[in-house]
Amino acid sequence: MTVRESALLVGGPADGLRVTVTGRPRVLQVTYPCAVEGAGPEAAGVRVEALHVYRLDQGAPDGPPRYGYDPASP
């Protein structure tokens, strides 16, 4: 049985947010939408998102999982 649990994001732009994870994945991605400038046809349907990576803190095996912001990725 795979366990669902609440996890805490630490640092970075999503600091303090809680998310529900299943099976303690090693990496989480957080994205934020960015505005696309220009009204030309080349912008039609284009989406741009800022990507932020959070890694599971292996040093805290007890209690709810914590994910620390990784400023070096990607």
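Computed from a prediction, not measured in an experiment: that's the story for all the values here. In this chain, numbering begins with 1 at the start of the sequence shown.
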Taking only residues two or more places apart in sequence, or in another chain, which ones meet Tyr67 in a ring-ring contact (aromatic ring centres under 6.0 Å, His included)?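 Scan of Tyr67 (ring-ring contact (aromatic ring centres under 6.0 Å, His included), adjacent residues dropped) gives none.
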For residues [X] and [Y], report the shortest heavy-atom separation together with the two atoms involved.
X	Y	answer
Val46	Val36	O-CG2, 3.8 Å
Ser6	Pro65	O-CD, 3.5 Å
Gly11	Tyr69	C-CB, 3.6 Å

Minimum side-chain heavy-atom gap Pro64-Glu5 below 4.5 Å: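 Side chain of Pro64 against side chain of Glu5, heavy atoms only: no contact under 4.5 Å found.
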Quick one: side chain to side chain contact (heavy atoms under 4.5 Å, CB included) partners of Val19, sequence neighbours excluded?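 Checked Val19 against side chain to side chain contact (heavy atoms under 4.5 Å, CB included); matches are Ala7, Leu9, Val21, Leu28.
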Residues in side chain to side chain contact (heavy atoms under 4.5 Å, CB included) contact with Thr22, at least two apart in sequence or another chain: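 Residues passing side chain to side chain contact (heavy atoms under 4.5 Å, CB included) with Thr22: Thr2, Arg4.
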Pairs meeting criterion side chain to side chain donor-acceptor pair (under 3.5 Å) with involvement of residues 9-21, two or more places apart: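 Found none.
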Residue pairs, two or more places apart or on separate chains, that pass side chain to side chain donor-acceptor pair (under 3.5 Å) and touch residues 26-35: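 Passing the test, one end in residues 26-35: Thr31-Glu49.
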Polar side-chain atom of Tyr54 near backbone of Ala14 as donor-acceptor pair, under 3.5 Å: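 Yes; at least one donor-acceptor contact below 3.5 Å.
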Honestly curious: do Leu56 and Val27 fall in one hydrophobic cluster under the side-chain, below-4.5 Å linking rule?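 Unlinked, Leu56 and Val27 end up in two clusters.
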Through direct or indirect side-chain contacts below 4.5 angstrom among Ile, Leu, Val, Met, Phe, Trp and Tyr, which residues connect to Leu8?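 Reading the cluster by chain and number, Leu8 sits alongside Val10.
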